Each structure stands twice: as structure tokens, then as C-alpha cells.
*Asks:* 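Quick one: structure below, then a few questions.
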Amino acid sequence: MILAILMLQHILFAVSMTNTERDYHGYTPMDYDADSEADAVYQRCLSSLLTHAPIKRDDTVVDIGTGTGIVAFELASKCDHVVGRDISDEWLQYAREKAERRSIDNVSFDHGSFREPNVAESVDVVVASYALYMAYDEGGEDELRAAIDGLAALNPRCIIVADKMRFGPTQTTSDYETLPPMGTVATLLASAGFTLTAVEFITETVGVLIATR
């Protein structure tokens with residue numbers, strides 16, 4: 001199930017870019033693509049993101065935690081340029097190869113983390129999908145705040161979080177992760193200067209938040 005295994009893609013994504021060598025326990029980028037395609041919840045989340053994202057044709061969009069570029073390639077048809085950032089050499093190279101095979105030339109991939117996105121150009125929209133919750137899982141609210149502040153420092157007009165988070169009043173039991181409450185994510189986005197303008201519930205633990213300023 002991809003919701004249990006996705007953490008292997010972005011584990012410790014909120015830490016420094018120097019920690020790029022991760023043990024993926026044999027889980028490959030190809031496995032991730034296959035699981036993503038087969039997972040109904042992931043596909044619903046992706047569809048909601050693409051439907052509701054306020055992206056314009058001339059926008060530059062940062063896809064943080066891009067992984068194999070699934071979201072980046074979908075966004076490429078909607079904007080001028082997509083900047084994909086991740087911490088894994090293997091997954092970034094795989095995403096580049098996919099872009100070449102598909103002849104998609106308005107997507108670029110390089111290293112970057114939440115704290116250090118490594119983006120020099122002007123940014124209009126930031127998308128964080130199935131990655132931001134890792135900051136909370138690893139370091140609680142303080143780490144999540146630092147991650148959101150890192151994205152806000154890019155000065156986008158909009159941040160879109162399509163991710164795992166807790167929408168209900170109780171924490172879903174899990175042996176491997178702790179999900180942030182949706183209210184905490186919204187509060188930290190507000191503290192960074194953004195206003196929550198849309199919420200799409202996918203399941204009790206997956207949803208899409210759109211925050212603008």
C-alpha cells in the first residue's frame with residue numbers, strides 16, 4: 001500500500017541536503033511509479049490538486065519532494081516551468097530520464113529540501129505533495145514550522161499542500177508515522193503569511209490545502 005510505503009521516498013526530507021544517501025531497502029523509483037498508479041487515494045489526491053490548484057500559464061511552480069516527478073510532469077502542462085526538488089540522487093536521475101523520454105522540456109530537477117529549497121529564480125506557486133508530513137513525523141511542530149518557513153521564503157503567492165495529515169479529532173494509530181493535525185498545518189501557513197482559501201478532504205488522513213497571500 002503506497003500510503004504505508006511512501007515514507008521511503010522522502011524520509012528525513014526536512015533535514016539538510018548533505019544527508020542525501022538513504023537506504024530505500026530495495027524500493028525503487030519504478031516501484032513507486034507502479035504503486036502510485038495503482039493507489040486510488042493517491043490518484044484522488046493528485047486529481048484534486050490538479051483540479052483546484054490556482055496555477056497560471058506563465059507561472060513558475062516548485063514541486064518540493066518531487067521524487068520520480070509524477071506531480072511535476074502533470075503540472076508541466078499547466079505552467080511555464082516546473083522546478084522539481086528532492087534529496088535523492090537516484091530518484092532525481094530517474095525523473096530526468098522520464099522527462100527526456102517524454103520530451104518534456106519545461107521541467108528541471110535538482111537537489112533541494114524544505115529548509116533549503118535551492119531555488120534561485122522567482123517562484124509563483126509551491127506544491128508539496130506526500131512529503132511535508134515527514135517534517136512533523138521527524139521533529140514535531142517545530143520542524144514542520146521550519147519546513148513551511150523554508151517554502152514561504154521563496155515568496156510564492158500560493159502554497160499547495162496535498163498530503164497526509166489528520167483531519168479528525170483523534171490520531172490514527174500507526175507504527176511508523178505521526179501525522180500533523182490539519183489545524184496545525186493551517187496555523188503554521190497563517191503564521192508564514194498565508195491565508196487558507198480551500199480545503200479538499202480525500203480521506204480522514206489525506207487532503208489538499210491551498211493557501212495564498
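Note that the coordinates shown come from a computational prediction; the quantities given were computed from them, not determined experimentally.
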*Asks:* Is Thr51 reaching over with its side chain to a backbone N or O of Ser47, donor-acceptor style, under 3.5 angstrom?
*Replies:*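 A pair under 3.5 Å: yes.
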*Asks:* Under 4.5 Å between any side-chain heavy atoms of Ser122 and Asn155, yes or no?
*Replies:* no
*Asks:* Determine yes or no for a side-chain-to-main-chain donor-acceptor pair under 3.5 angstrom, with Arg145 supplying the side chain and Ala192 the backbone.
*Replies:*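 Not confirmed, Arg145 side chain does not pair with Ala192 backbone.
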*Asks:* For residues Tyr130 and Tyr94: do they belong to one hydrophobic cluster (side chain heavy atoms under 4.5 Å, members Ile, Leu, Val, Met, Phe, Trp, Tyr)?
*Replies:* no
*Asks:* Has the side chain of Asp163 got a donor or acceptor atom that lies under 3.5 Å from a matching backbone atom of Tyr133?
*Replies:* yes
*Asks:* Does a side-chain N-to-carboxylate-O contact under 4.0 Å join Arg85 and Glu116?
*Replies:* no
*Asks:* Does anything in residues 99-110 form a salt bridge (charged side-chain N to carboxylate O under 4.0 Å, His left out)? List the pairs, not counting sequence neighbours.
*Replies:* none
*Asks:* Give a yes or no on whether the backbone of Ala76 and the side-chain of Asn106 come within a donor-acceptor separation of less than 3.5 Å.
*Replies:*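 Such a contact is found between Asn106 side chain and Ala76 backbone.
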*Asks:* Is a salt bridge present between Lys164 and Glu177, judged by a nitrogen-to-oxygen distance below 4.0 Å?
*Replies:*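 A salt bridge is present here (some side-chain N lies under 4.0 Å from a carboxylate O).
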*Asks:* Can you list the steps and then say if Asp35 with Tyr42 is a side chain to side chain donor-acceptor pair (under 3.5 Å)?
*Replies:* CA-CA 9 Å; Asp35 286 345; Tyr42 181 87; over 6 Å; no
*Asks:* Just grab all the salt bridge (charged side-chain N to carboxylate O under 4.0 Å, His left out) pairs involving residues 49-73, residues at least two apart or on different chains.
*Replies:*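 Residue pairs passing salt bridge (charged side-chain N to carboxylate O under 4.0 Å, His left out), neighbours aside: Asp59-Arg157.
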*Asks:* In terms of side-chain heavy atoms, does His81 have a donor or acceptor partner in Glu121 at a distance below 3.5 Å?
*Replies:*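 Yes, because at least one side-chain N or O of His81 sits under 3.5 Å from a partner of the opposite role on Glu121.
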*Asks:* Among residues at least two apart in sequence or on other chains, which ones pass salt bridge (Lys or Arg N to Asp or Glu O under 4.0 Å) with Glu97?
*Replies:* none
*Asks:* Give a yes or no on whether the backbone of Glu74 and the side-chain of Ser77 come within a donor-acceptor separation of less than 3.5 Å.
*Replies:* yes
*Asks:* Using only atom types and a distance under 3.5 Å, with no angle test, would you say the side chain of Ser191 pairs donor to acceptor with the backbone of Thr187?
*Replies:* yes
*Asks:* Under the criterion side-chain contact (heavy atoms from CB on, under 4.5 Å), I'd like the reasoning laid out for Lys78 against Leu50: C-alpha separation, chi angles, the key distance, then a yes or no.
*Replies:* CA-CA 9 Å; Lys78 297 178 175 292; Leu50 297 173; 4.0 Å; yes
*Asks:* Is any side-chain heavy atom of Val83 less than 4.5 Å from a side-chain heavy atom of Phe109?
*Replies:*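 A side-chain contact under 4.5 Å is absent here.
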*Asks:* Quick check: does any side chain N or O of Asp124 sit under 3.5 Å from a backbone N or O of Val61, one acting as donor and the other as acceptor?
*Replies:* no
*Asks:* Verify, without hydrogens or angle tests, whether Asp31 (side chain) and Thr28 (backbone) share a donor-acceptor contact under 3.5 angstrom.
*Replies:*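 Present.
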*Asks:* Determine whether the side chains of Asp33 and Thr68 contain a donor N or O and an acceptor N or O closer than 3.5 Å.
*Replies:* yes
*Asks:* Considering non-hydrogen atoms only, spot the tightest contact between Pro156 and Leu151 and give its length.
*Replies:*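 Of all heavy-atom pairs spanning Pro156 and Leu151, the closest is CD-O, 3.6 Å.
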